[in-house]
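Note sheet for the following structure.
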Amino acid sequence: MNHNNLRRLRRTPQLREIFEETRLNASEWIYPIFVKEGAAEKESINSMPGQFRHSLESLKSLSDEIAEAGVKSVLLFGLPSSKDEAATSSRAENGIVQQAIRQLKKQNPDLVVMTDVCVCAYTPHGHCGVVKGEAIDNDATLPLLAEMAVSHAQSGADIVAPSSMMDGQVAALRCALNRSGLLDTAIMGYSIKYSGPFYGPFRDAADSSPSFGDRSSYQHSSANPRHSMRELKEDIEEGADLVMVKPGLSYLDVIYRARQATDLPLAVYSVSGEYSMIKAAAERGWIDEKAAALETLRAFKRAGADLVITYFAVQACQWIKSQS
Ligand code: PBG
């Protein structure tokens, strides 16, 4: 006999449980929520089974549902009823996200509320920045993002998350928040966000597809992880409180690299396409939804993420509850 007996530690369910190296916990999941201005009731999203565009009314029952499940934090996305070049509705005091923040905080003061800060859903062209001709004007976009973030913070958001991928967006937000006395509002940098097909279902959900061209002049290329690490460093220097890698499944190596590169909290956004692939295969009976989703959530954690933004958050909380 010249081998070790490693199976010793995998012999029974109890042994397997106590030797688990990676444990899943409800507090690490952030649930993305879409809120739609003027909606009478919630609308299902075709490309994302089980997810909805919520009305302020349906957000009330969702808020109870997520509290009951044990979800601790949410990330809000707005669908405004009017769009213009200046993304005016994104910073309106009574904008849809601003109202949703106040309502959620009133109903559940313990919920950590994060907001997406980007103009793509608020402009007719659907790009993440101000359009000049066919180009995106980086510096003209920064004040719009800053005002939007201040408005979210004034409505009660705990964390604002600039996702437009403009250079200097974290610094612009920090400076504007500080100037408005919003020193306690944290910034989650969408530090590493790749351009690619996995946002498809989200753009259908949020009505935010670019009307011309694509986002590759501002989002990163999947070929260039070193370039992404430079972007990460910039966000840290600009004052991000936590950083993010997005998407998740196709960038586990990048999550691992980001983990080595910083001691800041690290989030990963497991995006719409990752969710919808599992949902679609499960609907056909080709994959076990719960096992597949939990395996991906564990993969993000193994790679080094502290937090995972996932459309499975509510279900995952329920799944791990029923296991213990
Ligand atoms: C806005 C934004 C997008 C996502 C999050 N914030 C869309 C995009 O970049 O086109 C995608 C999220 C997902 O696919 O789940 N800029």
Item to check | H220 and S195: CA distance, side-chain angles, deciding distance, side-chain contact (heavy atoms from CB on, under 4.5 Å) verdict | outcome: CA-CA 6 Å; H220 302 189; S195 169; over 6 Å; no

On a heavy-atom basis, which atom in [X] and which in [Y] lie closest, and how many Å separate them?
{"X": "T185", "Y": "R174", "result": "O-NH1, 2.8 Å"}
{"X": "A205", "Y": "R53", "result": "O-NE, 2.8 Å"}
{"X": "I96", "Y": "G78", "result": "CG2-CA, 4.0 Å"}
{"X": "M229", "Y": "A261", "result": "CE-CB, 3.5 Å"}
{"X": "C128", "Y": "T141", "result": "O-CG2, 3.9 Å"}

Taking the six-membered ring of [Y] (Phe, Tyr or Trp), confirm whether the NZ or CZ of [X] is under 6.0 Å from its centre and within 45° of its axis.
{"X": "K279", "Y": "Y311", "answer": "no"}
{"X": "K36", "Y": "F77", "answer": "no"}
{"X": "K83", "Y": "Y122", "answer": "no"}

Checklist entry - So do E238 and Q169 actually touch side chain to side chain, heavy atoms under 4.5 Å? => result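 Sidechains of E238 and Q169: no contact.
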
Next on the checklist: So E231 and S191, do their side chains get closer than 4.5 Å, heavy atoms only?
Outcome noted: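 S191 does not reach E231 side chain to side chain.
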
Checklist entry - Y194 and side-chain hydrogen bond (donor to acceptor under 3.5 Å, both in side chains): which partner among S221, S250, S228, S222? => result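 The option that passes is S228.
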
Next on the checklist: One thing to verify: whether D235 and R230 come together as a salt bridge, which I'm taking to mean a side-chain N less than 4.0 angstrom from a carboxylate O.
Outcome noted: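 No.
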
Item to check | Charged N-O contact under 4.0 Å between R259 and D306 | outcome: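 A salt bridge links R259 with D306.
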
Spatial distance of atom [atom1] ([X]) from atom [atom2] ([Y]) [nearest 0.5 Å]:
{"X": "S89", "Y": "N94", "atom1": "OG", "atom2": "CG", "value": "12.5 Å"}
{"X": "L232", "Y": "H227", "atom1": "CG", "atom2": "NE2", "value": "12.0 Å"}
{"X": "L76", "Y": "M114", "atom1": "CG", "atom2": "CE", "value": "10.5 Å"}
{"X": "K193", "Y": "S164", "atom1": "NZ", "atom2": "OG", "value": "8.0 Å"}

Next on the checklist: One pair to check against side-chain contact (heavy atoms from CB on, under 4.5 Å): W319 and E289. What are the steps and the verdict?
Outcome noted: CA-CA 11 Å; W319 287 330; E289 175 179 347; 4.2 Å; yes

Item to check | Working for salt bridge (Lys or Arg N to Asp or Glu O under 4.0 Å), residues D158 and K105 | outcome: CA-CA 10 Å; D158 299 287; K105 280 288 188 184; 2.7 Å; yes

Next on the checklist: Classify the ring geometry of F202 against F34: parallel below 30°, tilted from 30° to 60°, perpendicular beyond 60°.
Outcome noted: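 Taking F34 first and then F202, their aromatic rings sit tilted (interplane angle of 30° to 60°).
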
Checklist entry - For the side chain of E28 and the backbone of N25, is there at least one donor-acceptor N/O pair under 3.5 Å apart? => result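 Yes, E28 side chain to N25 backbone: donor-acceptor pair under 3.5 Å.
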
Checklist entry - Out of V71, L297, V74, which residue meets the side-chain contact (heavy atoms from CB on, under 4.5 Å) rule with W29? => result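 Only match with W29 under side-chain contact (heavy atoms from CB on, under 4.5 Å): L297.
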
